[in-house]
2 protein chains.
Amino acid sequence: MRRLASHLPRLAGAGLSCRNRELGGDVAMMTSALVRKLLNFTPLSQGDRDALQKIGDERVRRFPAHTDVIQEGEATRNMFLVLSGWACRYKQLENGRRQIVAFFLPGDLCDLDVLILRKMDHSIGTLTPVTMAELSQAALDELLLGYPRVALGLRWESLVNIAIQREWTVNLGQRNAYERIAHLLCELVFRLRSIGLVHEDRCEFPLTQIELADVMGMSAVHVNRTLQELRGAGLIILRDRMLTVPRLPDLMAASMFNPAYLHLDREGHERGVSE
Amino acid sequence: MRRLASHLPRLAGAGLSCRNRELGGDVAMMTSALVRKLLNFTPLSQGDRDALQKIGDERVRRFPAHTDVIQEGEATRNMFLVLSGWACRYKQLENGRRQIVAFFLPGDLCDLDVLILRKMDHSIGTLTPVTMAELSQAALDELLLGYPRVALGLRWESLVNIAIQREWTVNLGQRNAYERIAHLLCELVFRLRSIGLVHEDRCEFPLTQIELADVMGMSAVHVNRTLQELRGAGLIILRDRMLTVPRLPDLMAASMFNPAYLHLDREGHERGVSE
DNA sequence: CGATCTGTTGAAACAATTCAAATCTGGTGG
DNA sequence: CCACCAGATTTGAATTGTTTCAACAGATCG
């Protein structure tokens, strides 16, 4: 038995719908998180990039921090793409404990074909304020059919997400608290770096220790003590919602982190596309 | 830190290739595990069923128990379909510990488009003697394009597998040993039942306690003691590789098992197909 | 300014691992 | 058929890792 999940997010009253232009330049920048990520896997022509940019234009919604985008048991809805902010998938147990099972970072998409399932078997909630683009099935089909390289890239993206889910299983099953947190931090640094959100060795890190506890399957108290150990070992600096990893190779070694599962290495996919 | 994984399977010298007829009638029966499973989601015409049956005919391979079908780091190969026996995905850590991250039961397929990734980020190994059909990309494409209902069913299958992976994350993160094992047993009973491998309240259960430990992320000793608790509570009878669950509802309650994530409920998908 | 989170600390209780040894099992060869 | 072996299961005792509970300090926010 473990502690109860602490803050149960309230349901998003209504993520205010609004069009892209109202949001100012940052959305254009944000959509490119997806472009940047896909470029880790495949080259993209300007046409490909424009098409990706365009889907971030359609129906943009904003959600405050700590609200549900969709809840377990609801009918599945449209796909969406995170433009900015952090969100997560999570599941709540009858006894109140909750487990965060995945993060959505900028450039992340929900499953391409959730609509095949009728009901959500988990909830999706924000961790920070989030903007996301909602994609109709039609818009998505158009993209997948008209831009084969993009379609390939998005399927790659799905496979990587599945690989991440497997790795979380390994992480929870086989690593102790210290290795476990170190491993998660490595993964986040790699993922944030692939979308250009790491500068030098620093990135924003908005998670509270309580949320971290819900990810790591441990108590918040133990998260606290473990973070102190990591700080004591000089592996991380974590203050004011900013994470610094001064020696990533050491953090990787400490957590037996092997980035292969992120499939971020591009060699072998060249076909000289960039028109 | 935990105990080392015990038996590291040797690599399959060569899964002997042979054609279906050589295997006798049981393969025909086995392919229908997939048909049976898909019927939980969508009706299938006789043509659909024949097409599915045919893919189990092409290249059938047999593997002894405890051998690797493919190892982490190898180039990805063809898709395959399990015809009989139990296999698993697993990952080995540098320190020797291993985590089983998924089971392959009869009727289970590996990811439809692993080929997009270049290298395996995990290994696949058998737990019992296994027969599987290897599918070329061409054969698969033909199936997906020629039989839309089958294509839909297979995409449903993938989504369910992803949902299972999420549920394993929850299981490892939030449930204690007793609930955790109980939950896994519930899942296996549901999955085996969906392919017709549960009779009354009994099914074959070939896992050793050591393998169970590699699934549950706990020591074999603790698995042993926890199984005894479950037996003591009258929730399971486990002997001679046979599992009996006399009161499934009680086992479900004990593990907070909610089968929704298996998406086995068919209502809402009727279209009266069966010609 | 109080109210409410988040982070931190200590001590006691509990869950799970480790190590070691004993028993049981199925399969093998003599 | 029995003896033997390797692997799987079971048991006990000591140790470690993690949780729980409770209290307090620091932020943050109306």
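These values consider heavy atoms only, across backbone and side chains, with no hydrogens, waters or symmetry-generated copies. Lettering of chains follows the sequences in order, A, B, ..., and the numbering in each one begins at 1.
Residue B:R241 places at least one side-chain N or O closer than 4.0 Å to OP1 or OP2 of D:dT9.
In this structure, B:I181 atom CD1 and C:dA16 atom C1' are separated by 12 Å, rounded to whole Å. As rounded to whole Å, 15 Å separates atom P of D:dT11 from atom NE2 of B:H222. Here D:dT11 presents its P atom at 13 Å from CD of B:E229, a figure rounded to the nearest Å. As a whole-Å value, the separation of A:I210 CD1 from C:dG7 P is 6 Å. Rounded to a whole Å, the CD1 atom of A:I236 is 12 Å from the P atom of C:dG7. If you measure from atom CZ of A:R180 to atom C1' of C:dA16, you get 13 Å, rounded to the nearest angstrom. Remark: P of C:dC5 and CG of A:L212 are 20 Å apart, rounded to the nearest angstrom. A straight line from CZ of A:R175 to P of D:dG17 spans 17 Å, rounded to a whole angstrom.
Looking at A:Y90, A:F80, A:W86 one by one, the single match for ring pair (Phe, Tyr, Trp, His ring centres under 6.0 Å) with A:F104 turns out to be A:F80.
Between B:D201 and B:R247, none of the side-chain N atoms (NZ, or NE/NH1/NH2) sits under 4.0 Å from a carboxylate O, so this pair counts as no salt bridge. A:E229 and A:R225 are not joined by a salt bridge, as no carboxylate oxygen comes within less than 4.0 angstrom of a charged side-chain nitrogen.
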Requested in this report: Evaluate the side chain to side chain donor-acceptor pair (under 3.5 Å) criterion for residues A:N171 and A:E167: first the C-alpha distance (whole Å), next the side-chain angles of each, then the deciding distance (0.1 Å), finally the verdict.
Outcome: CA-CA 6 Å; A:N171 207 18; A:E167 191 63 36; over 6 Å; no
Query - A:Q228/A:N224 under side chain to side chain donor-acceptor pair (under 3.5 Å): CA gap, chis, key distance, verdict - result: CA-CA 6 Å; A:Q228 290 179 55; A:N224 181 288; 2.4 Å; yes
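Residues A:L127 and A:E211 meet the side-chain proximity criterion, which asks for heavy atoms closer than 4.5 Å.
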Scan the side chains in residues 232-242 of chain B for donor-acceptor partners under 3.5 Å anywhere in the protein, sequence neighbours excluded, and list what turns up.
none

Output one line per pair: protein atom, nucleotide atom from nucleotides 8-10 of chain C, and distance, for all N/O pairs under 3.5 Å.
residue : atom : partner : partner atom : Å
C:dT8   : OP2  : A:Q209  : NE2          : 2.7
C:dT8   : OP2  : A:N224  : ND2          : 2.8
C:dT8   : OP2  : A:R231  : NH2          : 3.3
C:dT8   : O5'  : A:N224  : ND2          : 3.3
C:dT9   : OP2  : A:Q228  : OE1          : 2.5
C:dT9   : OP2  : A:Q228  : NE2          : 2.9
C:dG10  : N7   : A:R225  : NH1          : 3.2

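Sparse packing is recorded around CD of B:E204, with 12 or fewer heavy atoms of other residues, nucleotides or ligands lying under 6.0 Å away.
In the set C:dA16, C:dT6, C:dT18, C:dT6 carries the atom at the smallest distance from any side-chain atom of A:T208.
A distance of 6.0 Å or more separates the ring centres of B:Y261 and B:W168.
Each end of the helix from C:dC1-D:dG30 to C:dG30-D:dC1 yields a helix axis from five base pairs, and these two axes differ in direction by 40° (to the nearest 10 degrees).
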